[in-house]
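In listed order, ligands and their atoms are each counted from 1. For the single chain, residues carry numbers from 1 onward in sequence order.
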Amino acid sequence: MTDKAKETATGAAAATGLRGVVVGQSTVSDVVGDKGELIYQGYNIHDLAKNSNFEEVAFLLWNKRLPTQSELDDLNQHLSHSYAVPGDVIEVMKKAPRNADPIDTLRTAVSALESYDPTARDISADNSRKVAIKLTGQFATLVAATDRIRNGKDPVDPLPDANIATNFLYMLKGEKPSERDAKLFDTCLILHADHELNASTFTARVVAGTLASVYASVVAAIGALSGPLHGGANTNVMKTLLDIGEVDNVENYVKKALAEKRKMMGFGHAVYKTEDPRATHLRQFSKEMGERAGDTKWYDMSRKVEEVMMREKGLFPNVDFFSASTYYMMGIPLDLYTPIFAVSRITGWTAHVLEQYADNKLIRPRAEYVGERNTPYVAIGDR
Ligand SMILES: CC(C)(COP(=O)(O)OP(=O)(O)OC[C@H]1O[C@@H](n2cnc3c(N)ncnc32)[C@H](O)[C@@H]1OP(=O)(O)O)[C@@H](O)C(=O)NCCC(=O)NCCS
């Protein structure tokens with residue numbers, strides 16, 4: 001019996017937050033917490049970050065293998081055909097208040113998209129894969145459009161020949177990014193693409209387990225991602241850095257936060273007990289962005305926070321810590337960091353949804369009931 005299976009059998013059933021409880025099998029990804037390893041369908045994340053690209057990784061997650069050149073060309077063509085979103089969905093987004101949180105607008109837009117896809121309720125393997133490709137193509141367009149619309153600007157049409165990373169930065173800013181920025185952002189997308197049964201992916205699988213549509217599963221996942229303990233952490237990291245203001249303020253700020261039992265966003269992890277392998281790359285990106293801008297202030301401040309957190313709490317930074325300063329230096333608005341997470345994680349969510357449909361069992365755990373029993377009913381007038 002594997003360690004994981006033993007944990008399940010010995011029933012950490014009432015474990016708070018289901019920590020360490022194995023609820024099923026998956027080939028999509030594995031998080032090896034004590035070694036700091038992340039594997040997508042057999043491939044180490046470091047190898048993929050160094051050699052691959054986001055579209056190829058999407059293919060890998062959905063198909064359990066890397067594509068041939070013609071398969072990748074074919075996928076890119078399908079993704080490109082999906083970049084544009086129905087005009088009516090853009091109209092729905094325009095109805096959102098200017099101060100709506102972009103992650104909420106994304107969730108609403110994906111919900112609306114389902115009504116414009118006549119195949120939405122067809123959850124056959126073939127169609128679900130097509131929906132996965134469609135949504136992956138559309139997410140960058142939706143997130144960039146949200147930002148344009150709330151700033152009173154027209155959405156920018158996607159470039160049919162550009163990849164998702166280039167297109168996102170182009171549609172956000174209205175001008176083509178440098179090759180290096182696009183490459184760096186593409187690697188960020190690879191790093192965020194999947195992470196085993198994190199809260200939003202588990203949510204997606206629970207919804208898919210009822211045989212609800214891919215869209216419904218993804219809408220629920222976006223809701224789970226939006227929380228500050230999950231995908232919402234990256235925005236809060238940058239807010240914290242801005243609040244700290246200067247490297248010299250870090251020590252006192254962090255110590256005060258910890259003394260007040262406040263959590264420092266971007267630190268700690270439910271599974272990793274050592275360095276999060278994604279943080280290794282993002283730390284480097286934050287440094288590079290600072291050096292290229294001629295101002296490493298945010299990187300230096302982040303390093304100092306990292307040093308104090310390690311000394312005071314023994315906690316490592318997670319994926320959200322250095323992605324915050326990286327995105328900030330790319331000129332991306334703070335509240336888009338969580339939607340950007342979704343632009344990447346849509347591939348992992350849908351890979352898990354495909355896997356769930358392929359061997360489905362309704363997910364229905366039990367709760368340990370700790371309430372009263374046999375309480376006599378008292379009529380409302382007598383209470
Ligand atoms: C990610 C997270 C939810 C993992 O939770 P977990 O492993 O179940 O750990 P817990 O929340 O139970 O915390 C365990 C202990 O470490 C502390 N801790 C964990 N993360 C901390 C953080 N970011 N800052 C300060 N203390 C932290 C807790 O206060 C707790 O201390 P205590 O035992 O003295 O009460 C948690 O680390 C966290 O909230 N991090 C900040 C949010 C974040 O960055 N989320 C993105 C995750 S990728």
Trainee: Under a 4.0 Å N-O cut-off, is there an ion pair linking D181 with R292?
Mentor: yes
Trainee: I'd like to know if the side chain of N51 reaches the main chain of D47, judged simply by a donor and an acceptor atom lying under 3.5 Å from each other, with no hydrogens or angles considered.
Mentor: yes
Trainee: Would you indicate which of K263, R262, H269 comes nearest to atom 38 (C) of ligand 1 when only heavy atoms are counted?
Mentor: K263
Trainee: Could you tell me the residue and atom name of the protein heavy atom closest to atom 1 (C) of ligand 1, and the distance to it rounded to 0.1 Å?
Mentor: G268 O, 3.9 Å
Trainee: Can you pull out the closest protein heavy atom to atom 41 (C) of ligand 1? Residue, atom name and distance to 0.1 Å, please.
Mentor: F267 O, 3.5 Å
Trainee: Just to confirm my output: which protein heavy-atom neighbour is closest to atom 4 (C) of ligand 1, and how far is it?
Mentor: A270 N, 3.6 Å
Trainee: Got a protein heavy atom sitting under 4.0 Å from atom 44 (O) of ligand 1?
Mentor: yes
Trainee: Using a plain distance cutoff, I'd like to know if L229 has any nitrogen or oxygen under 3.5 Å from a nitrogen or oxygen of ligand 1.
Mentor: yes
Trainee: Return the closest protein heavy atom for atom 32 (P) of ligand 1 as residue, atom name and distance.
Mentor: K313 NZ, 4.6 Å
Trainee: What is the nearest protein non-hydrogen atom to atom 24 (N) of ligand 1, stated with its residue, atom name and distance?
Mentor: M264 N, 2.9 Å
Trainee: Could you say whether the N/O atoms of R278 and ligand 1 ever approach to under 3.5 Å?
Mentor: no
Trainee: Nearest to atom 42 (C) of ligand 1, what protein heavy atom do you find, and at what distance?
Mentor: M265 SD, 3.6 Å
Trainee: So which protein heavy atom does atom 8 (O) of ligand 1 come closest to, and at what separation?
Mentor: R19 NH2, 2.7 Å
Trainee: Side chain of R19, backbone of G17: donor and acceptor closer than 3.5 Å?
Mentor: yes
Trainee: For the side chain of R107 and the backbone of G223, is there at least one donor-acceptor N/O pair under 3.5 Å apart?
Mentor: no
Trainee: Do R383 and Y377 meet the cation-pi criteria used here (NZ or CZ under 6.0 Å from the six-membered ring centre, within 45° of the axis)?
Mentor: yes
Trainee: For atom 27 (C) of ligand 1, grab the closest protein heavy atom and report residue, atom and distance to one decimal in Å.
Mentor: L315 CD1, 3.4 Å
Trainee: Under 4.0 Å from atom 35 (O) of ligand 1, is there any protein heavy atom?
Mentor: no
Trainee: Does N318 reach ligand 1 with a nitrogen or oxygen that is under 3.5 Å from one of the ligand's nitrogen or oxygen atoms?
Mentor: yes
Trainee: Within a strict 4.5 Å, meaning less than it, do heavy atoms of the D194 and H352 side chains meet?
Mentor: yes
Trainee: Answer yes if the ring centres of F285 and F322 are under 6.0 angstrom apart, and no otherwise.
Mentor: no
Trainee: Taking NZ, NE, NH1 and NH2 as the nitrogens, is one of them in R311 or E306 under 4.0 Å from a carboxylate oxygen of the other?
Mentor: no
Trainee: Would atom 16 (O) of ligand 1 count as contacted, meaning some protein heavy atom under 4.0 Å?
Mentor: no
Trainee: Can you confirm whether or not the ring centre of Y272 sits under 6.0 Å from the ring centre of H195?
Mentor: yes
Trainee: Please confirm whether the ring centroid of F185 lies under 6.0 Å from the ring centroid of F168.
Mentor: yes
Trainee: Looking at side-chain heavy atoms only, is the closest gap between I45 and I190 below 4.5 Å?
Mentor: yes
Trainee: Applying a strict 4.0 Å limit to heavy atoms, is H195 in contact with ligand 1?
Mentor: no
Trainee: Does an N or O anywhere in V319 fall below 3.5 Å from an N or O of ligand 1?
Mentor: no
